[in-house]
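Atoms within each ligand, like the ligands themselves, are counted from 1 in listed order.
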Amino acid sequence: MKNLQILAISGSLRAKSSNTAVLQAASILAPAEIEIILYSGLANLPHFNPDLDCEPLPKEVISLRQQIKSSDAIIISSPEYAHGVPGSFKNALDWLVSSTEFPGKPIALINTNPRATIALSSLTEILVTMSAQIIKPANLTLDLAGKSLDAAGIVADKELAKSLNRAIALLIEAIS
Ligand SMILES: Cc1cc2nc3c(=O)[nH]c(=O)nc-3n(C[C@H](O)[C@H](O)[C@H](O)COP(=O)(O)O)c2cc1C
């Protein structure tokens with residue numbers, strides 16, 4: 001298996017976020033050759049403004065685009081807020097609309113709440129509009145609602161770990 005780098009983006013800024021935890025668990029479970037790196041810049045991105053989407057770009061935006069560029073694929077796990085994509089996460093996506101790094105990027109979507117379907121379909125529509133390549137077989141819905149599991153707890157749960165391993169394997173298969 002060749003070395004691959006995957007950027008994991010959580011749509012939640014919450015310290016004990018289930019979406020962040022599932023991505024941390026994916027990073028732990030991934031085969032040694034696959035590096036899953038959690039994007040940590042979401043809270044520090046400036047508010048998207050088309051007037052600022054030009055040279056010189058804000059340094060936080062340069063960093064985001066560089067991390068997208070150096071990744072072979074992206075895994076996104078985002079909560080649903082009021083039937084939509086959380087504003088801070090949508091802000092990050094808006095900064096990628098005009099970027100050359102994002103179109104065609106293979107993406108797997110994780111949903112940690114089977115009842116949160118409206119934001120997921122909205123996110124899918126946004127990503128397709130942005131010319132991402134959604135790897136449907138690697139999309140995964142887990143039921144973590146109300147479970148308060150951290151990454152170690154997810155890894156320790158045989159069924160959750162099996163589902164995550166399968167999704168990671170299918171994403172790797174699609175990009176190898
Ligand atoms: C402001 C706000 C709005 C929410 N709206 C919805 C919603 O429309 N549908 C839903 O299923 N859950 C909704 N939730 C619940 C969150 O999606 C849920 O708590 C999720 O686990 C949060 O993700 P996190 O653990 O990664 O922070 C909302 C939560 C907040 C804070």
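Of the protein's heavy atoms, at least one falls inside 4.0 Å of atom 9 (N) of ligand 1. The nearest protein heavy atom to atom 18 (C) of ligand 1 is not closer than 4.0 Å.
Those atoms of ligand 1 that come under 4.0 Å of a heavy atom in His83, given as number and element, are 7 (C), 8 (O). Ligand-side atoms of ligand 1 in range of Asn113: 11 (O), range being under 4.0 angstrom from any heavy atom. The Ala82 neighbourhood of ligand 1 comprises atoms 3 (C), 4 (C), 5 (N), 6 (C), 7 (C), 8 (O), with distances under 4.0 Å to a heavy atom of that residue. Shown in contact with Arg14 at under 4.0 Å from a heavy atom are these atoms of ligand 1, numbered in order with element: 24 (P), 25 (O), 27 (O). Against a heavy-atom cut-off of under 4.0 Å, Ser17 is close to the following atoms of ligand 1: 24 (P), 25 (O), 26 (O), 27 (O). For ligand 1 and Pro79, the ligand atoms under 4.0 Å from any heavy atom of the residue are 17 (O), 20 (C), 22 (C), 23 (O). Per-residue contacts place Asn19 under 4.0 angstrom from the following atoms of ligand 1 (heavy atoms of the residue considered): 23 (O), 24 (P), 26 (O).
When only modelled atom types and interatomic distance are considered, Gln67 and Ser63 share a side-chain donor-acceptor pair under 3.5 Å.
Listed for the Asn19 side chain is no donor-acceptor partner under 3.5 Å among the backbone atoms of Ser10. No donor-acceptor pair closer than 3.5 Å links the side chain of Lys105 to the backbone N or O of Ile74.
The distance criterion of under 3.5 Å between nitrogen or oxygen atoms is not met by Lys16 with respect to ligand 1. Remark: ligand 1 and Ser18 share an N or O pair separated by less than 3.5 Å (distance only, no angle test). Considering backbone and side-chain N/O of Ser12, one or more are found under 3.5 Å from N/O of ligand 1.
Scanning all protein heavy atoms for the shortest distance to atom 13 (C) of ligand 1 gives Glu80 O, 3.0 Å. For atom 2 (C) of ligand 1, the closest non-hydrogen atom of the protein is Tyr81 CD2, 3.7 Å.
The two residues Ile6 and Ser71 make their nearest non-hydrogen contact at C-OG, 4.4 Å. The shortest non-hydrogen separation linking Pro103 to Ser99 is CD-O, 3.3 Å. In plain terms, the two heavy atoms of Arg65 and Ser98 that are nearest each other are NH2-OG, 3.5 Å. Contact record, Ser176 with Leu4: OG-CD1, 3.8 Å, taken as the closest heavy-atom pair. The two atoms that bring Phe48 and Asn91 nearest to each other are N-OD1, 2.7 Å, heavy atoms only.
Within a 6.0 Å sphere centred on NZ of Lys162, heavy atoms belonging to other residues, nucleotides or ligands number 12 at most.
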